[in-house]
There are 2 protein chains.
Amino acid sequence: MISRPRIPRPTAKRLNLYLRECEELLAVGHSKASSQMLADALGLTAAQIRKDLTHLSVLGQPGVGYSLLELSQTLRETIGLTRSWRAVIVGVGNIGRAVLSYAPFRSENFAIVAAFDTNTEIVGKSWSGRVVHPMHELKSVVKQLRAELGIVAVPADAAQDVVDQLVAAGVRGILNFAPRRVIVPEGMQITSVDFQVELRRLVFEVVLAGEDKVEGVVRG
Amino acid sequence: MISRPRIPRPTAKRLNLYLRECEELLAVGHSKASSQMLADALGLTAAQIRKDLTHLSVLGQPGVGYSLLELSQTLRETIGLTRSWRAVIVGVGNIGRAVLSYAPFRSENFAIVAAFDTNTEIVGKSWSGRVVHPMHELKSVVKQLRAELGIVAVPADAAQDVVDQLVAAGVRGILNFAPRRVIVPEGMQITSVDFQVELRRLVFEVVLAGEDKVEGVVRG
DNA sequence: CTCTGTGAAGAATTTCACAGCG
DNA sequence: CGCTGTGAAATTCTTCACAGAG
């Protein structure tokens, strides 16, 4: 087995953006794209795109650019999207429902195979075709359906407890929507999407952009 | 007149995590925290925390640590959270509704002052206390309510058009939930939250972790 | 003691710039 | 030509390691 040279973290994060862009360009009928074209679309530099792509096994055609079909295919393989992934979701509140009915997931190799909640008014009902299980069934259902990913869409207070249960149930990665930092054991992957943090980041960007225009302002 | 030295981008992103952690620690009764304590909680190094905090005007107490009250206050000022921000949201579908009823926003200085949608079945009704306006009122309402932020929660196809309209209406920053790259003019701030990209990133992390059994810990 | 603040060192990442290919 | 692939340079970011404060 040939071990791929380590992909730098920043590159790994960008690969997904490249894939999204490739798929978009393919959808509108393009078949090739130069590094400059991708760079313009994504707000990066052409050199960076080329450097990033050297970590993959795609080669561009000098004078022409990259084959979008080949590039997107390689990206999907690299990222791990050529196999299917099963996820369970915990929390069927507002965010949980939005995720359950999120259209882009349906066309992917992602299947949300079960939903869980503590609310007895929700348990037993079905949302977007999935029956909501009570929490005590989490472990057995995860095992039985061989789910590998967990999606956490519960209030902040419950997040760590739910994460612990998912870890105990044997998932390999967690997508966390709860606005709280959670701790996972070594080897467990977690990606957090915190609306509040993102909104605050945006505000900070706006503030910083405002300072740049007004030179020499005192702060703090 | 002292101008604050530029805050490195990675530091700027982390400040929000520091703030979240400070508020959490305050909520559970702590009043001080050492850089090591924060580092452990956030999966970073103590040196990095201290270095980051030198960009602020807080001083830690040698032998003790940082005052959480002072630190959180300074962070809030730096980020721009000591003033209030008005936002409008476009798109009252699943994600839009989740955002409209997102509890953590309510306790903040964020006010979503108006909602917009193209769906005539939704327009005129109210969601979480906000009447849904038709799109053609966007500009006038943004102006009238002096909204500075726009939240985009529409399908991918409509994203760029909506962003253009928000820019034309005069917002200063945009939080984009649509799973598509959008282009904004120089000076306009945009932060994107793409569930699909995040899920794919998680999958990639799981795949990479499977290849080399090193990695993991805390994020988010 | 413990813990901060910080220059200096080290590592990682980005950009440059150009040879070489179609 | 136009565009890739890539060493080398430049830059940015992180970690080290230790003086100094309480």
Side-chain angles (χ1 to χ4, degrees), chain A residues 4-18 21-22 25 30-72 74-75 78 201 208 212 220, chain B residues 2 4-18 21-22 25 30-72 74-75 78 208 212 214-215 217-219:
Chain A
R4 184 169 54 204
R6 186 189 141 274
I7 295 180
R9 178 59 55 120
T11 298
K13 285 196 153 189
R14 283 189 296 266
L15 291 187
N16 275 290
L17 300 181
Y18 299 165
E21 191 61 28
C22 282
L25 288 173
H30 289 76
S31 66
K32 309 269 181 181
S34 67
S35 57
Q36 187 61 60
M37 205 180 298
L38 293 171
D40 291 344
L42 295 168
L44 305 169
T45 67
Q48 180 163 69
I49 305 248
R50 292 201 300 277
K51 189 73 101 181
D52 281 348
L53 296 187
T54 61
H55 295 285
L56 274 54
S57 60
V58 275
L59 283 187
Q61 196 180 342
V64 180
Y66 298 88
S67 156
L68 287 170
L69 208 57
E70 187 195 342
L71 181 51
S72 69
T74 305
L75 283 167
T78 304
R201 279 182 179 158
L208 290 174
D212 288 348
Chain B
I2 302 162
R4 182 170 63 203
R6 184 189 141 273
I7 295 180
R9 179 56 55 112
T11 297
K13 285 195 153 190
R14 283 189 295 267
L15 291 187
N16 275 289
L17 300 181
Y18 298 166
E21 191 62 29
C22 280
L25 288 172
H30 289 76
S31 67
K32 309 271 179 176
S34 67
S35 57
Q36 188 61 58
M37 206 179 298
L38 292 170
D40 291 344
L42 296 167
L44 304 169
T45 66
Q48 181 162 69
I49 305 250
R50 292 200 301 275
K51 188 74 99 181
D52 282 348
L53 295 187
T54 61
H55 296 286
L56 274 53
S57 60
V58 274
L59 284 186
Q61 197 180 339
V64 179
Y66 299 88
S67 155
L68 288 170
L69 209 57
E70 185 194 342
L71 180 51
S72 69
T74 304
L75 284 166
T78 304
L208 290 175
D212 54 80
V214 190
E215 238 290 299
V217 195
V218 193
R219 234 157 302 121

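Protein chains get the first letters and strands the later ones, always in sequence-line order, with residue 1 at the start of each.
One distance of note links OG of A/Ser34 with CG of A/Asp40; it measures 7.5 Å at 0.5 Å rounding. From A/Leu53, atom CG reaches atom CG of A/Leu71 across 5.5 Å, with rounding to the nearest 0.5 Å. B/Ile7 contributes atom CD1, which lies 9.5 Å from atom OG1 of B/Thr54 (distance to the nearest 0.5 angstrom). We find the CE-CG distance between A/Met37 and A/Leu25 to be 8.0 Å, quoted to the nearest 0.5 Å. Remark: B/Leu56 CG to B/Leu59 CG distance equals 10.5 Å, nearest 0.5 Å. Annotation: the span from A/Thr11 atom OG1 to A/Gln48 atom CD amounts to 7.0 Å, rounded to 0.5 Å.
Distance A/Ile49 CD1 to D/dC3 P: 14 Å, rounded to the nearest Å. One atom, CG of A/Leu68, and another, C1' of D/dC3, lie 15 Å apart when rounded to the nearest Å. What separates CG of A/Leu71 from C1' of D/dC3 is a distance of 15 Å, to the nearest Å. Spacing between atom CG of B/Leu59 and atom C1' of D/dG20 amounts to 14 Å, rounded to whole angstrom units. Summarising the geometry, the separation between CD on A/Gln36 and P on C/dA17 is reported as 15 Å, rounded to the nearest angstrom. Taking atom CD1 of residue A/Ile7 and atom C1' of nucleotide C/dT14, one finds them 17 Å apart after rounding to whole Å. Put simply, CG on A/Leu42 is 14 Å from P on C/dT14, counting in whole angstrom units. Rounded to an integer number of Å, the gap from CG of A/Leu44 to P of C/dT14 is 9 Å.
For the residue pair B/Lys51 and B/His55, the shortest heavy atom distance occurs at O-CD2, 3.5 Å. Nearest heavy atoms, B/Glu21 versus B/Ala41: OE2-CB, 3.4 Å.
Backbone-only contact: A/Ser35 has heavy atoms under 4.0 Å from sugar-phosphate atoms and none from a base. Residue contacts for A/Leu53: at a heavy-atom cut-off of 4.0 Å it reaches no nucleic acid atom on any strand shown.
In terms of phosphate contacts, B/Tyr66 brings no side-chain nitrogen or oxygen within less than 4.0 Å of OP1 or OP2 of C/dT2. Between A/Arg9 and D/dT14 there is no side-chain N or O to OP1 or OP2 distance below 4.0 Å.
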Going 5' to 3' along nucleotides 6-12 of chain D, which nucleotides have protein heavy atoms under 4.0 Å from the base (write B), which only from the sugar-phosphate (write S), and which from neither (write -)? BBB----
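Residues A/Ile49 and A/Tyr18 are in side-chain contact: their nearest non-hydrogen atoms beyond the backbone lie under 4.5 Å apart.
When each of A/Gln48 and B/Ala33 is assigned the nucleotide of DNA chain C bearing its nearest heavy atom, the one mapping closer to the 5' terminus is B/Ala33. Comparing B/Pro62 and A/Gly63 against DNA chain C, the residue whose closest nucleotide sits nearer the 5' end is B/Pro62.
Comparing the axis of the opening five pairs of the helix from C/dC1-D/dG22 to C/dG22-D/dC1 with that of the closing five pairs yields an angle of 20°, rounded to 10°.
Closest to the side chain of B/Gln61, out of D/dC3, D/dG22, C/dT15, is D/dG22.
Annotation: salt bridge (charged side-chain N to carboxylate O under 4.0 Å, His left out) contacts involving residues 52-69 of chain A, sequence neighbours excluded, comprise A/Arg14-A/Asp52.
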